[in-house]
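These values consider heavy atoms only, across backbone and side chains, with no hydrogens, waters or symmetry-generated copies. One-based numbering, in listed order, for ligands and for the atoms of each.
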Amino acid sequence: MLTGRNILLGISGGIAAYKTPQLVRLLKKSGADVQVLATTSALKFVSELSLATVSNRPVLTGIFTADTEGEYTRHISLGEWADAFVIAPATANTLARLATGLCDDMLSLCFLTLRPDKPVLIAPAMDGHMYNSLSVQRNLSTLAEEGCRILEPESGSLASGQCGLGRMPEPETIFEALAGMLATPEKSALNGKTVVVTAGPTREKIDGVRFLSNYSSGKMGFAIAADAARRGAVVRLVTGPVNLPTPPGVERIDVESAEQMLAAARPLFDDCDLFIGAAAVADYRPEASVEGKIKKKDAEMEIRLVRNPDILAEFATNRKPGQLAVGFALETAGGIDYARKKLTDKQLDLIAFNIYNGHTSGFEVDTNVLTLLGRDGSVTELPLLSKEKAAAKLLDAVETILPR
Ligand code: PMT
């Protein structure tokens, strides 16, 4: 799968480092060449000899290790050589150093010399309280904003004997995430196509300080945009207010209200091959929005709501031949008939019936349960998946109906 790919594997000093020889083996088995960059702390948890043996290369640690002529600039040649950089486990200390640009060992040096178009996958692992600390979260946000993909730690028993968030995902999970990031876009029917995705909630102003909205986090729409970009599509993402970094290679347009979302999306209609509405667009907005703050009175207050324009329906009903329209329908269990009705009413090619259960599926959470309903009557029930995997399954289905 990764034949001919050059991977830098950065290992920092956490207990999960003991699992990294297995990650090296998986990478090597799939055909990749792996250069391990371990911090000195990492080598207290995993032996240099094990890593050198499985990678078949010397492990690099400090910046002054060159003992051979011509290797004094090895960090620069490694930055050019690598097709991807994986940092697993990434400790709080390493995250802080990467986020601030410190470069006093080979791992952090190569992080700076890596070519900017190459993907970086970071798997933080540490005690749950450390992970949730403000500084770790701030550093993770900085790295994510710079385009690094953060593989969330898992919950389970920790080195401290406590149970909670902080475990590094298994080597197989890290390997799969990396393989997905390096998947060759040329094989995808979406390669070279133009895709417009809507994501997130909309905010409908009541006055200068209040609005009507919903709990959409944007995660589903952003996962679709990221995967479409990885498949080689030109992706334009029109999003309501969310707290997510822009996926690499995606053009992002930020909006607030449904009317603004339509105004931003409309000029993109003509030029797109595929429109995917993953946004939770408010169906109604206050008829009038008041400047400043509405003052509290003793009497009750009524807000009159008027219908918002339907962005997806406008695209679908006016589209040119060959353009595809895909929507979502969030319904509680049993709402598949509502989803089917939206498929027909909005004249879509495909709709993802999104079950809302308040725990693992729907708004905010990292996982989702979708059933894909095709215009041709096809029904594909997907199991509980991460939003990234659900996005990939949706796009796989889209690829089968996309005109070549
Ligand atoms: O953002 P997350 O927290 O990850 O959550 C993801 C999600 C639950 C928001 C997403 O997966 C989802 O289901 N989005 C659609 C929510 C919904 O119920 O939409 P709807 O039934 O109101 O609309 C149906 C379709 O028409 C949707 O594709 C919607 O984007 C589109 N629509 C709706 C109204 C409107 N005025 N304009 C639209 O384009």
Side-chain angles (χ1 to χ4, degrees), residues 195-204 212-227 237-244 247 255-266 268-269 272 274-285 305-319 324-333 335-373 382 384-395 398:
V195 181
V196 176
V197 182
T198 64
T202 61
R203 285 182 182 173
E204 310 300 328
L212 296 174
S213 191
N214 58 63
Y215 289 105
S216 170
S217 62
K219 287 177 187 171
M220 191 65 240
F222 274 56
I224 293 168
D227 201 40
L237 174 63
V238 185
T239 178
V242 296
N243 191 16
L244 293 174
V255 297
E256 274 210 19
S257 66
E259 286 184 307
Q260 288 172 4
M261 192 172 268
L262 177 61
R266 203 183 257 150
L268 310 176
F269 284 175
C272 79
L274 167 65
F275 186 95
I276 304 182
V281 185
D283 288 322
Y284 295 91
R285 67 177 184 281
L305 302 178
V306 293
R307 286 297 301 265
N308 262 331
D310 193 308
I311 303 158
L312 179 61
E314 180 172 320
F315 169 77
T317 50
N318 296 303
R319 64 186 141 146
L324 289 193
V326 174
F328 273 78
L330 180 88
E331 315 286 348
T332 42
I336 195 160
D337 289 335
Y338 291 111
R340 236 178 232 123
K341 184 164 170 6
K342 285 179 189 170
L343 174 78
T344 317
D345 289 352
K346 299 195 190 211
Q347 301 181 28
L348 307 178
D349 299 289
L350 187 74
I351 197 160
F353 163 46
N354 193 156
I355 293 177
Y356 173 74
N357 65 14
H359 307 291
T360 52
S361 179
F363 292 125
E364 287 185 299
V365 288
D366 292 331
T367 48
N368 223 352
V369 179
L370 303 179
T371 297
L372 308 181
L373 307 174
L382 301 178
L384 178 71
L385 294 171
S386 67
K387 283 188 174 162
E388 284 77 16
K389 285 208 172 127
K393 293 280 181 199
L394 174 75
L395 292 181
V398 166

- Query: How about L382 and T371: do any of their side-chain heavy atoms sit closer than 4.5 Å?
  - Reply: no
* Thinking salt bridges, do K219 and E364 make one under a 4.0 Å N-O criterion? -> no
field: Side-chain ion pair, D345 and K342, N-O less than 4.0 Å
entry: no
Distance filter under 4.0 Å to [X] heavy atoms, resulting ligand 1 atoms:
{"X": "K219", "result": "1 (O), 2 (P), 4 (O)"}
{"X": "G327", "result": "28 (O)"}
{"X": "M220", "result": "4 (O), 6 (C), 11 (O)"}
{"X": "K387", "result": "2 (P), 3 (O), 4 (O), 5 (O)"}

Tested for side-chain contact (heavy atoms from CB on, under 4.5 Å) against F363, the lone hit among S216, S217, P201 is S216
Hey, is [X] one of the residues with a heavy atom under 4.0 angstrom from ligand 1?
{"X": "A258", "result": "no"}
{"X": "P309", "result": "yes"}
{"X": "A279", "result": "yes"}
{"X": "K346", "result": "yes"}
{"X": "G218", "result": "yes"}
{"X": "N308", "result": "no"}

Output for pair (E204 CD, N214 CG), nearest 0.5 Å, gives 9.5 Å
CZ (F328) and CE (M220) are apart, to the nearest 0.5 Å, by 4.5 Å
If you compare all heavy atoms of [X] against all heavy atoms of [Y], which two are closest, and at what distance to 0.1 Å?
{"X": "G362", "Y": "K387", "answer": "O-NZ, 2.8 Å"}
{"X": "L237", "Y": "G221", "answer": "CD1-O, 4.2 Å"}
{"X": "A264", "Y": "V238", "answer": "CB-CG1, 3.9 Å"}
{"X": "N308", "Y": "A282", "answer": "ND2-O, 2.8 Å"}

Contact region, E364 to ligand 1, non-hydrogen atoms below 4.0 Å, reads backbone
With heavy atoms and a 4.0 Å threshold, my read on which part of D283 contacts ligand 1 is side chain
* Can you say whether the rings of F275 and F315 are parallel (under 30°), tilted (30 to 60°) or perpendicular (over 60°)? -> parallel
At what distance is the nearest protein heavy atom to [atom], and which residue and atom is it?
{"atom": "atom 13 (O) of ligand 1", "answer": "N354 OD1, 3.3 Å"}
{"atom": "atom 27 (C) of ligand 1", "answer": "F328 O, 3.1 Å"}
{"atom": "atom 39 (O) of ligand 1", "answer": "L312 N, 2.9 Å"}
{"atom": "atom 28 (O) of ligand 1", "answer": "G277 O, 2.5 Å"}
{"atom": "atom 14 (N) of ligand 1", "answer": "A278 O, 3.2 Å"}
{"atom": "atom 38 (C) of ligand 1", "answer": "D310 OD1, 3.4 Å"}
{"atom": "atom 21 (O) of ligand 1", "answer": "K342 NZ, 2.4 Å"}
{"atom": "atom 18 (O) of ligand 1", "answer": "L330 N, 3.1 Å"}

- Item | T198, any N or O under 3.5 Å of ligand 1 N or O | no
Salt bridge (Lys or Arg N to Asp or Glu O under 4.0 Å) pairs touching residues 348-359, sequence neighbours excluded, are R319-D349, D349-R375
Can I336 and L373 be said to form a side chain to side chain contact (heavy atoms under 4.5 Å, CB included), step by step? CA-CA 9 Å; I336 195 160; L373 307 174; 4.0 Å; yes
